[in-house]
Amino acid sequence: MDVRAHVAMVFHLDKCIGCHTCSVACKNVWTDRPGAEYMWWNNVETKPGTGYPTLWEDQLNYKGGWELTANRELKLRCQNKVSSFLKLFYNPNQPGLDDYYEPWTYKYQDLFDAEAGDDQPTAVPVSQITGEVIDIEAGPNWDDDLSGSPVYAENDPNLRHLTEDERRMLFEIENISMMYLPRICNHCANPSCVASCPSGALYKRGEDGIVLVNQDKCRGWRACVSACPYKKMYYNWQTGKSEKCILCYPRVETGQPPACFHACVGRIRYMGVLLYDADRIEEAMKAPEHSLVEAQRSVILDPNDPEVVRGAAESGVSDIFVAVARRSPVYKYVKEWELALPLHPEFRTMPMLYYVPPLLPISGRMGDGIYEHDADEFFSHLDKARLPMRYLAALFAAGNEEIVRLVMKKQMAVRYFKRAQEVDDVDPEKVKRVLREAHVTPETAEAIYRMTALGNMENRYVMPPIQREEAIEGMGNNGCSPEFCKGACGFGATQPPRRGA
C-alpha cells in the first residue's frame, strides 16, 4: 500500500445559482493578461449544452483521456510513441480558437469621444486578437439561458444516451430543465495531460497532488491540450507555453481556499484532503465502465484506519495531513456518504473534483392539459425528475443509473427528514421508510444537512497550512503573492521566448 495525500474538491450542484462569480474571480487574478484572453480556468456551463470549448465531451473528435485496450492496458487516446512525434507538427484533435471563442472587448472610448447626435453612442465589440470590429457569435458559456439553447442544448453529447421520448420530454419544459456545471482542472490522480507531455514539463506535486506546468521546460507542443479530456489545458499564444489552473496554490499553501472557492456566492465548493492508495490506481482505472465509480471510491483510504495511518507515515505523509484528512468534507461527501461523483469517470483519469448531482424534482407537470400533482407527496417520483436519470448517469457515473439514483434517494431522504422536523407535516413512518430505502440514518441525515446548508468556512475548507515560510516571504515584492504578482505568479519565468533558447 502506497499511501498518498491529495487536495480534493466537491462542488454541490444543488446549490449552484450560475452567477459566474467564481469565473470572474479566477479571470481577474490569473488570466487577465495578453495571450490568455480566451482562457477561463474556471468556467460555468449550462447543461444540457455543448460547453466550452464546444463539444469538449466528444472524445471521438478530441481523443482525450485513456482507453482500455482489448489486452486490458491503459493507453492514451490521443497518441502513441510514433504518432506523438508526428503530432508535434500537426495535431487534428486539438481545439482551435473557433472551438473556444474569439475574445472581444468594446470600444469604450467611443462613449466619450462620439460626436453629438440624436442617437446614444454605442461601444461596439472589437476582437482582442485582431483589433477589428466583430459580430459576437460565441462566448465562454454560449449555452447559458437565452443565448444558445435549445439549438446548442440539443447537441449535448450526453443526450445520445436518452430515448426519443426522454429527449422530447426534456425539451418540452426546456425553460426550467437545466443545471449549472462549474468546471476547473480536476487535478486528476491519473492525469493524461502529464503522461502526454513530450517535454516532461507537466507534473503532480508530491505533497498535495496539484498538477502544474513548469514554464521553463514547456516547449509549447500542446500534446497536453489534446490529451486532457476535460479541455482544461490552454495554449498561450503570446508566450508559446501551455497553461492551466494552478488551484491557487499560493493561497492553498497558507491554508486559504482558492479564489474561485472564496468568491462562491452559493457556497457550493468544498475542499479537503483525501488519502489514497497509489498502488491501486492503475487497476481501478481498468474496471468496466459501470464499475468505475466504485473502483475509484475503493482507492480512497479511511484516515481513521490504523494501518492507513501507519502506511501514511512510511510514505512521508505528515501527521498534520492525516489529521486534516479526518476532518475533510470531501471524504465525507465522496466516501462516507457516497453523495459526490466524479465527472465522466469513463475518461479513466481519476478526477479529484467530485460533484453532488442536482436534485431536480417537480411537484407537478402538464399532461394532456391537466396539471398532475399528488397532494400527499412533496416530490414527484425520481423518474419524473426534470433531468432524466440517464442523462445524469452519463455525466457522473459512466452510464450507471443505479449509482445516481441512490444519490438522489439520499438527498430526498434528507429533505423528508428535515421537513418532518421543521414543519411536522410528514408521516413519521414515511420518513423512516424513505431513510431506510436510501440507507441513511437520522444521524447521517442531520450531518449531511448541516454540511450542506449550514457549513461555514471552517467546515467547507479544511486545509493544512504548508510552506508557511514561503508565504511570509511572499509579503515582499520578490515573493510568491497573488497580490503583488497578479497575472504572473506561479508561471515561472515570463521572459519572451528566444529562438534556440
Side-chain angles (χ1 to χ4, degrees), residues 6-11 16 20-33 35-45 51-53 56 64-65 95 100 140-141 181-194 196-197 201-205 207-215 218 222 224-236 239 241-254 256-264 268-272 330 342-344 347 349-355 461 463 480 482 485-492:
H6 204 297
V7 173
M9 304 146 281
V10 166
F11 289 179
C16 183
H20 298 264
T21 306
C22 49
S23 302
V24 175
C26 176
K27 187 74 177 173
N28 189 42
V29 174
W30 298 118
T31 57
D32 180 22
R33 54 196 161 82
E37 296 93 343
Y38 77 99
M39 297 182 196
W40 292 85
W41 291 359
N42 182 113
N43 72 295
V44 182
E45 297 174 5
Y52 161 86
W56 63 268
Y100 295 96
N141 187 19
L181 182 70
R183 298 202 302 120
I184 63 173
C185 170
N186 294 280
H187 297 275
C188 305
N190 186 36
S192 51
C193 59
V194 175
S196 70
C197 180
L202 274 151
Y203 64 101
K204 276 182 77 68
R205 299 209 309 187
E207 66 269 31
D208 52 22
I210 295 176
V211 177
L212 297 174
V213 184
N214 184 329
Q215 294 289 291
C218 180
R222 286 172 275 181
C224 52
V225 178
S226 297
C228 174
Y230 301 96
K231 292 294 166 277
K232 281 298 175 184
M233 294 293 312
Y234 302 90
Y235 178 72
N236 186 312
T239 64
K241 309 279 187 178
S242 291
E243 296 180 3
K244 64 180 291 300
C245 159
I246 60 173
L247 204 60
C248 288
Y249 73 81
R251 293 174 60 95
V252 171
E253 288 174 353
T254 61
Q256 301 177 76
C260 58
F261 284 63
H262 195 96
C264 179
I268 76 162
R269 300 179 181 223
Y270 300 79
M271 174 173 273
V330 180
L343 180 63
H344 287 300
F347 296 161
T349 60
M350 194 171 168
M352 297 305 273
L353 165 57
Y354 298 82
Y355 293 87
Y461 313 129
M463 295 300 305
C480 178
C485 309
K486 178 183 174 184
C489 183
F491 298 106

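The first residue in the sequence is number 1, and the count goes up from there. Worth knowing before you read on, the calculation uses all heavy atoms, side chains too, and leaves out hydrogens, waters and symmetry mates. This one's a predicted model, so the numbers in the text were calculated from it and none came from an experiment.
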side-chain contact (heavy atoms from CB on, under 4.5 Å) for Lys241 and Val213? Distances and angles first, verdict last. CA-CA 9 Å; Lys241 309 279 187 178; Val213 184; over 6 Å; no
Given Tyr235 and Tyr38, is the side-chain contact (heavy atoms from CB on, under 4.5 Å) satisfied, shown in steps? CA-CA 10 Å; Tyr235 178 72; Tyr38 77 99; 4.1 Å; yes
Are the side chain of Tyr52 and the backbone of Trp40 linked by a donor-acceptor contact shorter than 3.5 Å? yes
Mind listing the closest non-hydrogen atom pair of Ala259 and Arg251 along with its distance? N-NE, 3.6 Å
Okay, side chain of Gln215, backbone of Ser242: is any donor-acceptor separation there less than 3.5 Å? yes
Full working for side-chain contact (heavy atoms from CB on, under 4.5 Å) between Leu343 and Leu353: CA-CA 8 Å; Leu343 180 63; Leu353 165 57; over 6 Å; no
Donor-acceptor check, side chain of Lys27 to backbone of Glu37, threshold 3.5 angstrom: yes or no? yes
With distance as the sole test, does Asn141 use its side chain to make a donor-acceptor pair with the main-chain N or O of Val44 at under 3.5 Å? yes
Over all atoms of both residues, closest heavy-atom pair of Phe11 and Pro182: CD1-O, 3.6 Å
State the CZ-SG distance between Arg269 and Cys264, to the nearest 0.5 angstrom. 5.5 Å
Hey, could you give me the CE/OH distance between Met9 and Tyr270, rounded to the nearest 0.5 Å? 15.0 Å
Would you say Lys204 and Pro191 make side-chain contact, with heavy atoms under 4.5 Å? yes
If you round to the nearest 0.5 Å, how far is CD of Gln256 from OH of Tyr249? 14.5 Å
Close side-chain approach of Leu212 and Tyr203, heavy atoms under 4.5 Å: yes
Kindly determine whether Leu247 and Ile184 satisfy side-chain contact (heavy atoms from CB on, under 4.5 Å), including the steps that lead there. CA-CA 9 Å; Leu247 204 60; Ile184 63 173; 4.0 Å; yes
Hey, which of Met352, Glu253, His187 is the one that makes side chain to side chain contact (heavy atoms under 4.5 Å, CB included) with Ile210? His187
When rounded to the nearest 0.5 Å, the distance separating CG of Asp32 from SG of Cys26 is 11.0 Å
Nearest heavy atoms of Gly35 and Asn236, plus distance in Å: CA-OD1, 3.3 Å
Could you go through Lys232 and Asn43, starting from their C-alpha distance and side-chain angles, then the distance that decides it, and tell me whether this counts as side-chain hydrogen bond (donor to acceptor under 3.5 Å, both in side chains)? CA-CA 10 Å; Lys232 281 298 175 184; Asn43 72 295; 2.5 Å; yes
Validate the cation-pi geometry between Arg183 and Tyr230: distance from NZ or CZ to the six-membered ring centre under 6.0 Å, angle to the ring axis within 45°. no
Could you report the tightest heavy-atom contact between Thr21 and Ala263, atom names first, then the distance? CG2-O, 3.5 Å
Tightest non-hydrogen contact, residues Pro351 and Cys188, listed as CA-SG, 3.8 Å
Atom SG of Cys248 and atom CE of Met271: how far apart are they, to the nearest 0.5 Å? 8.5 Å
From Cys22 atom SG to Asn42 atom CG, the distance as rounded to the nearest 0.5 Å: 4.0 Å
Flag the pair Glu243 / Trp30 as yes when at least one side-chain heavy-atom distance between them is below 4.5 Å, and no otherwise. no
Please give me the minimum heavy-atom distance between Lys231 and Ser226, naming the atom from each residue. NZ-O, 3.1 Å
Counting distance only, does the side-chain N/O of Thr349 pair as donor-acceptor with the main-chain N or O of Gly65 below 3.5 Å? no
If the plane angle is over 60° it's perpendicular, under 30° parallel, otherwise tilted; pick one for Tyr461 and Phe261. perpendicular
